[in-house]
Asker: 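Please find one structure pasted underneath; my questions will follow.
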Amino acid sequence: MASIAASEVVRRRNWRRFTAAQRTARFMVYLVIVAAIVTAAQTIEIIPEFLADAPEQVGDLLARMWPIDWRSYPTDVHSALIETIHIASLGTLLALVLALPVGLLAAHNLVPFTPLNLLAKLILVSSRSVNSLVWALLFVGIFGPGALAGTLAIAFRSIGFVGKLFGEALEEAQPGPIEALAATGAPWRSVLTFGYWPQVKPAFWSIALFRFDINVRESAVLGLVGAGGIGMTLDAALNLFQWERVAVILVAILVVVIITEIVVTQIRKRML
Amino acid sequence: MRPVTPALDPYAERARPDPFPTSIWPRAAAVALIVYVIYACAQMEISWERVATGLANAARFLGRLFPPNFARHELLVKGLLESLQIAVLASTLGILLALPIGLAGARNLMPPWVSWPARALIVVARSLHPVIVAILFVKAVGFGALAGVLALTVASVGFIGKLFTEAIEEISLKQVEAVRATGAPFLSVLAFGVMPQVFSRFIGFATYQLDSNLRNSTMVGIVGAGGIGGTLFAAFQRFDYDFVCAILIAIISLIMLGEVLATGVRAIFIDNATLADLFRRRGLPRRDRLVEDD
């Protein structure tokens with residue numbers, strides 16, 4: 001007995017938070033991170049002359065941006081800005097419409113058929129893995145340059161985001177009300193509208209608002225690949241080195257993004 | 001059975017009220033929405049004919065994407081490696097910068113004259129899309145990977161800074177007070193009172209940010225800031241659609257690999273998994289991903 005107690009004392013004195021295997025795992029992660037950082041820092045191509053030149057270039061940039069050319073705002077920035085907002089909101093709406101059925105299919109408690117769930121998840125993953133600029137490139141290739149390509153790019157990129165979160169909200173729905181409805185012999189449409197929808201409604205609107213906020217930011221750059229909106233004006237100004245116009249556009253984007261964020265936060269507070 | 005006379009039946013006189021009355025507002029909102037969609041489509045010259053013409057194009061376009069052409073794999077691997085380098089360095093720099101800025105923004109630990117400037121900095125860093133920031137850095141430090149690293153660093157500071165600030169503001173102050181009561185200096189308060197409470201969430205943000213930087217690092221090349229994006233855009237403009245397809249497949253595989261690795265890191269640090277647990281099929285609990293930004 002005494003020998004057991006003694007070994008217990010030794011064990012307690014050498015208490016460690018993690019087991020040897022857990023410590024090894026953590027150490028391996030640290031090792032890989034450090035190795036990755038060192039390798040990346042050593043092999044990345046940085047041209048020292050460009051770096052040395054940077055302060056001068058920044059000065060030049062600010063000097064060229066300075067008197068900000070506000071007069072160009074009403075003539076060509078304003079309409080492009082409105083178009084950007086249209087792209088973001090129409091894209092979000094289209095995404096909501098398209099993501100609803102996919103989200104429903106992805107929820108295992110609603111569609112208890114695994115192949116369909118997997119198909120829906122595949123759609124969602126591929127939509128999220130492709131950046132909105134790449135979607136824009138593809139749609140510019142199909143529909144030609146313009147706002148249509150931008151709207152579709154925003155919509156297709158958002159399907160994955162909205163569908164995934166909506167599907168997860170559906171899977172978290174309480175089974176009680178749904179069983180109660182099913183027990184009354186309610187058809188599946190009624191089960192959806194009176195059993196699931198009230199439970200996922202707050203999540204749905206919150207996801208929609210959230211995505212709209214992100215889409216306003218994203219739609220501002222789609223024009224760089226020709227998909228409409230203020231990005232096209234920005235691209236034109238950049239190519240002509242009209243930095244004082246670039247400054248107007250950047251300020252306009254910044255203001256719209258911040259206003260959108262404030263509005264979205266306020267709506268969420270009121271509604272949820 | 002005797003029929004109920006109308007005088008005795010309380011429900012017979014008036015019609016039963018609808019148990020689920022629809023309020024007028026959702027209907028008005030729906031009408032407004034439809035009007036808006038029609039108006040916006042008209043403004044942007046989106047019409048059914050354009051969509052139809054496009055769909056006819058789509059088949060031809062998709063036909064040219066396949067089969068993917070991996071003949072120029074050297075260019076592909078070089079671009080992907082550069083994207084990886086950009087993502088790793090930008091995440092490192094971004095996290096290192098975001099930690100002090102995020103801490104400075106926490107209103108429960110810092111006085112207002114420290115927290116407001118830090119919060120303003122975070123808002124500005126978050127507001128501009130990484131690609132736009134990349135344009136400015138391309139002008140400042142020239143074409144190449146450095147501009148991409150700096151642009152994504154700014155994005156990381158905005159994202160991690162915001163979440164880190166929120167995480168610190170949600171901590172329990174009891175432990176902080178307990179450490180302070182022992183007379184510990186400020187750094188010890190941070191290390192033993194604050195850090196343990198936010199560490200697991202911080203791992204979540206950091207792995208998510210690496211993932212997000214990986215996605216964006218494949219994009220900043222479109223404006224000349226290095227990485228595979230430049231190759232992709234060039235291939236697109238030359239109508240090398242089969243090479244475009246190969247690049248897209250490579251990018252998606254890289255991002256998926258990154259997600260698998262991130263899940264592993266989260267399991268090790270948050271759920272205290274061992275390396276052996278990672279390869280066990282049921283070893284990992286399903287964990288919700290962060291959805292703050294995408």
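Only this structure's heavy atoms are used, side chains among them; waters, hydrogens and symmetry mates stay out. By convention in this document, chain letters (A, B, ...) are assigned in the order of the sequence lines, proteins followed by strands, and residues within each chain are numbered from 1.
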Asker: Identify which part of B/Y36 has an atom lying under 4.5 Å from any heavy atom of chain A, answering side chain, backbone, both or neither.
Answerer: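 Interface part for B/Y36: side chain.
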
Asker: Considering all heavy atoms of both residues, which atom of B/S127 and which atom of A/L254 are nearest to each other, and what is their separation?
Answerer: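 Closest approach of B/S127 to A/L254: CB-CD1, 3.4 Å.
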
Asker: I'd like to know which of A/L133, A/D213, A/I85 tops the heavy-atom pair count under 4.5 Å against chain B.
Answerer: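 Looking at each option in turn, the highest pair count goes to A/L133.
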
Asker: Which residue out of A/V32, A/L93, A/I82 racks up the most heavy-atom pairs below 4.5 Å with chain B?
Answerer: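 Among A/V32, A/L93, A/I82, the one with the most close pairs to chain B is A/L93.
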
Asker: With a 4.5 angstrom heavy-atom cut-off, which part of A/V246 approaches chain B: side chain, backbone, both or neither?
Answerer: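 Looking at A/V246, nothing touches chain B.
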
Asker: What part of A/L138 gets within 4.5 angstrom of chain B, counting heavy atoms only: side chain, backbone, both, or neither?
Answerer: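 Both parts, backbone and side chain.
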
Asker: Evaluate A/V125 against B/M256 for side chain to side chain contact (heavy atoms under 4.5 Å, CB included), listing each step before the verdict.
Answerer: CA-CA 9 Å; A/V125 166; B/M256 288 192 171; 3.0 Å; yes

Asker: Would you say the side chain of A/V221 lies within less than 4.5 Å of the side chain of B/I222, judging by non-hydrogen atoms?
Answerer: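 They are not in side-chain contact.
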
Asker: Atom OG of A/S89 and atom CG of B/L33: how far apart are they, to the nearest 0.5 Å?
Answerer: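 That separation rounds to 9.0 Å.
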
Asker: Starting at SG of B/C41, measure out to NE2 of A/H86 and round the result to the nearest 0.5 Å.
Answerer: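 Output value for this atom pair is 9.5 Å.
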
Asker: Below 4.5 Å, heavy-atom pairs only: which of A/I207, A/T260, A/L238 has the largest tally toward chain B?
Answerer: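 Highest number of pairs under 4.5 Å: A/L238.
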
Asker: Measure across B/L136 and A/W243 and return the closest heavy-atom pair with its distance rounded to 0.1 Å.
Answerer: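 Heavy atoms of B/L136 and A/W243 come nearest at CD2-CZ3, 4.4 Å.
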
Asker: With distance as the sole test, does A/R217 use its side chain to make a donor-acceptor pair with the main-chain N or O of B/R126 at under 3.5 Å?
Answerer: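 Judged by distance alone, yes, a pair lies under 3.5 Å.
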
Asker: Please round to the nearest 0.5 Å and tell me the distance separating atom OG1 of B/T92 and atom CD1 of A/I33.
Answerer: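 Taking OG1 in B/T92 and CD1 in A/I33, the distance rounds to 8.5 Å.
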
Asker: Which atoms of A/I253 come close to chain B, meaning under 4.5 Å heavy atom to heavy atom: side chain ones, backbone ones, both, or neither?
Answerer: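 Just its side chain gets close to chain B.
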
Asker: Can you establish whether the number of heavy atoms outside A/R189 located under 6.0 Å from its atom CZ is more than 12?
Answerer: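 For A/R189, atom CZ is not crowded (no more than 12 foreign heavy atoms under 6.0 Å).
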
Asker: Picking from A/V225, A/V130, A/T24, A/T39, which has the most non-hydrogen pairs under 4.5 angstrom with chain B?
Answerer: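 Option with the greatest count: A/V225.
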
Asker: Evaluate the side-chain proximity of B/F236 to A/V140: yes if any heavy-atom separation is below 4.5 Å, no if none is.
Answerer: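 With C-beta onward as the side chain, the pair stays apart.
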
Asker: Roughly how far apart are A/N131 CG and B/N216 CG, rounded to 0.5 Å?
Answerer: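 Interatomic distance, A/N131 CG to B/N216 CG, rounded to 0.5 Å: 6.0 Å.
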
Asker: Between B/F239 and chain A, with a heavy-atom cut-off of 4.5 Å, which part of the residue counts as in contact: side chain, backbone, both or neither?
Answerer: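 Contact with chain A is absent: no heavy atom of B/F239 under 4.5 Å.
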
Asker: For A/Y30, is it the side chain, the backbone, both or neither that has a heavy atom under 4.5 Å from a heavy atom of chain B?
Answerer: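 Just its side chain gets close to chain B.
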
Asker: Side chains of A/F241 and B/K139: does their closest heavy-atom pair fall under 4.5 Å?
Answerer: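 The answer is no; the side chains never approach within 4.5 Å.
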
Asker: Would you mind checking which part of A/T151 comes under 4.5 Å of any heavy atom in chain B, side chain (CB onward), backbone (N, CA, C, O), both or neither?
Answerer: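 Only the side chain of A/T151 comes within 4.5 Å of chain B.
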
Asker: Taking B/L89, B/I255, B/T218 one by one, which has the highest count of heavy-atom pairs under 4.5 Å against chain A?
Answerer: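 Looking at each option in turn, the highest pair count goes to B/L89.
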
Asker: Between B/L81 and chain A, which part of the residue has a heavy atom less than 4.5 Å away: side chain, backbone, both or neither?
Answerer: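 For B/L81, neither part sits under 4.5 Å from chain A.
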
Asker: Chain A heavy atoms under 4.5 Å from B/L248: which part of the residue, side chain, backbone, both or neither?
Answerer: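 It is the side chain, since no backbone atom gets that close.
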
Asker: Taking the side chain from B/R215 and the backbone from A/R128, do they hold a donor-acceptor pair closer than 3.5 Å?
Answerer: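 Indeed, once roles are kept as given, a pair shorter than 3.5 Å links the two residues.
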
Asker: Please classify the contact between A/L94 and chain B as side chain, backbone, both or neither, with a heavy-atom cut-off of under 4.5 Å.
Answerer: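 Neither; nothing under 4.5 Å.
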
Asker: Non-hydrogen atoms of chain B under 4.5 Å away: do they reach the side chain of A/I258, the backbone, both or neither?
Answerer: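 Side chain only.
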
Asker: Between A/L137 and chain B, with a heavy-atom cut-off of 4.5 Å, which part of the residue counts as in contact: side chain, backbone, both or neither?
Answerer: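 Contact with chain B: backbone and side chain both.
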
Asker: Once you round to the nearest 0.5 Å, how far does CD1 of B/I135 lie from CG of A/D235?
Answerer: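 It is 7.5 Å, given to the nearest 0.5 Å.
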
Asker: How far apart are the closest heavy atoms of A/L90 and B/A40, and which atoms are they?
Answerer: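 Where A/L90 meets B/A40 most closely, the heavy atoms are CD1-CB, 3.8 Å.
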
